[in-house]
Student: 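This is the structure I have questions about; it appears just below.
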There are 2 protein chains.
Amino acid sequence: MRVLLVGGSGTIGREVAAALKAQGLDVVEVSRHTRPLSVDLAQPESIRAMYAALGRVDAVVSAAGEAKFAPLAQLGDGDFELSLRNKLMGQVNLVRFGLPNLNDGGSFTLTSGVLARSPMPGSAAISLVNAGLEGFTRAAALEAPRGIRVNVVSPPWVTETLRALKMPGEGLPAAQVARAYVRSVTGQETGAVIEP
Amino acid sequence: MRVLLVGGSGTIGREVAAALKAQGLDVVEVSRHTRPLSVDLAQPESIRAMYAALGRVDAVVSAAGEAKFAPLAQLGDGDFELSLRNKLMGQVNLVRFGLPNLNDGGSFTLTSGVLARSPMPGSAAISLVNAGLEGFTRAAALEAPRGIRVNVVSPPWVTETLRALKMPGEGLPAAQVARAYVRSVTGQETGAVIEP
């Protein structure tokens, strides 16, 4: 099974890559910095070009996407634009543009996050983006052709992130979050918001 | 109590206007076609200009916003852009730009819709937008200053709409949906997704 993984170098992405490989899957990692294949989620043409060069895959997994965390009063027009172009439409476009590349019965797995449902001060743009991704996923799954499935993993706060940001709380280790991505790729669910 | 109502000429908006007036509230209706005050939700500068001319209000209610309904395979980049600029960011910007116009303890009431949670084929862009509005509302409510509340009404299918589109089902009459907006304006809730 050949899997495209976008964002395989992030805190969660690294563990997703390891977990998919541990299942014996052939993982093609693509990010802004990989060569010869690269992708910038904020640029629709970059996504189209990646798919044109990629060929067929059985699954597309995204653990990528930027959105801006800042107090509501400080979030500017540009911060919302970045968040919508990158984490939101970047992942939506991975599905829209990638459908022809997927083998029958393949799957898309996107990433939202706990702030969709449990916001905190500073999360207005991210909560919007994460919830929007979940709404899109539920709908897109109804129309994906040829048995293709569409899910979104909604990670909780990750232990490694909390430690890096010196935030309180235990969180869930990224390696444990990664199991939700494996479940989406190898299981039968579709239209699901998977909470690790 | 002075209330700005954006989208007061739509199927739901007309009933919201009537219901707010029945409570004795002073309703200022603004849409693309009203004069001297008008607003185009898709244009941030239009929203800023409206607020500059409006003065203080106690509540902002939006029953407005376009988003594109079409099969996923036919939704183009422009359809997503329109949906994000208009129904999603238009209503988000009503909150962002309008905060200084609101009296202490005032409220914002936006409109999402049942497709956020219960999608159907053709609703990918609308489900994204509606769910995004709900995520934004939950987060923005945490940061609104001076006791200002932020809610979103998520209307089900409306009887009048189902009849106009010759769709099956009973739906809920718009006059009944309008009560949810009154509840948001006159009640104490904040950060709520109100289902009529």
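Numbered from 1 within each chain, the chains take letters A, B, ... in sequence-line order. All values below come from the heavy atoms of this structure, side chains included, with hydrogens, waters and symmetry mates left out.
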Student: Nearest 0.5 Å, please: how far is CD in A:E45 from CG in B:D77?
Tutor: 7.5 Å
Student: At a 4.5 Å cut-off on heavy atoms, which part of A:A140 comes close to chain B: side chain, backbone, both, or neither?
Tutor: both
Student: Linking I/L/V/M/F/W/Y whenever any side-chain heavy atoms sit under 4.5 Å apart, do A:Y181 and A:V30 land together?
Tutor: no
Student: Taking C-beta and beyond as the side chain, do A:S127 and B:R138 meet within less than 4.5 Å on heavy atoms?
Tutor: no
Student: Do A:V193 and A:I148 sit in the same hydrophobic cluster, where Ile, Leu, Val, Met, Phe, Trp and Tyr count as joined when their side-chain heavy atoms come under 4.5 Å apart?
Tutor: yes
Student: So which part of B:R117 gets closer than 4.5 Å to some heavy atom of chain A, the side chain, the backbone, both or neither?
Tutor: both
Student: What heavy-atom pair brings B:A124 and A:A139 nearest, and what distance separates the two atoms?
Tutor: CA-CB, 3.6 Å
Student: Spell out, yes or no, whether A:V182 and A:V61 are grouped together once hydrophobic residues are joined by side-chain heavy atoms under 4.5 Å, including indirect joins.
Tutor: yes
Student: B:P145 versus chain A, heavy atoms under 4.5 Å apart: side chain, backbone, both or neither?
Tutor: neither
Student: Contact between A:L72 and B:F136 at the side-chain level, heavy atoms closer than 4.5 Å - yes or no?
Tutor: yes
Student: Heavy-atom distance under 4.5 Å between the side chains of A:L133 and B:L128, does that happen here?
Tutor: no
Student: Return the option, out of A:G132, A:A141, A:A144, with the maximum number of heavy-atom pairs under 4.5 Å with chain B.
Tutor: A:G132
Student: Show the nearest heavy-atom pair for residues B:M120 and A:E143, with the distance to one decimal.
Tutor: O-OE2, 4.4 Å
Student: Using heavy-atom distances under 4.5 Å, tell me whether B:V92 contacts chain A through its side chain, its backbone, both, or neither.
Tutor: side chain
Student: For B:L88, is it the side chain, the backbone, both, or neither that has a heavy atom closer than 4.5 Å to a heavy atom of chain A?
Tutor: side chain
Student: Honestly curious: do B:I47 and B:V152 fall in one hydrophobic cluster under the side-chain, below-4.5 Å linking rule?
Tutor: yes
Student: Between A:P71, A:A131, A:P44, who has the most heavy-atom pairs with chain B when the cutoff is under 4.5 Å?
Tutor: A:A131
Student: Side-chain heavy atoms nearer than 4.5 Å, only ILVMFWY residues, links allowed to pass through others: does that put A:M89 and A:V6 together?
Tutor: yes
Student: Quick one: closest heavy-atom pair of B:L75 and A:R96, and the distance?
Tutor: O-NH2, 3.0 Å
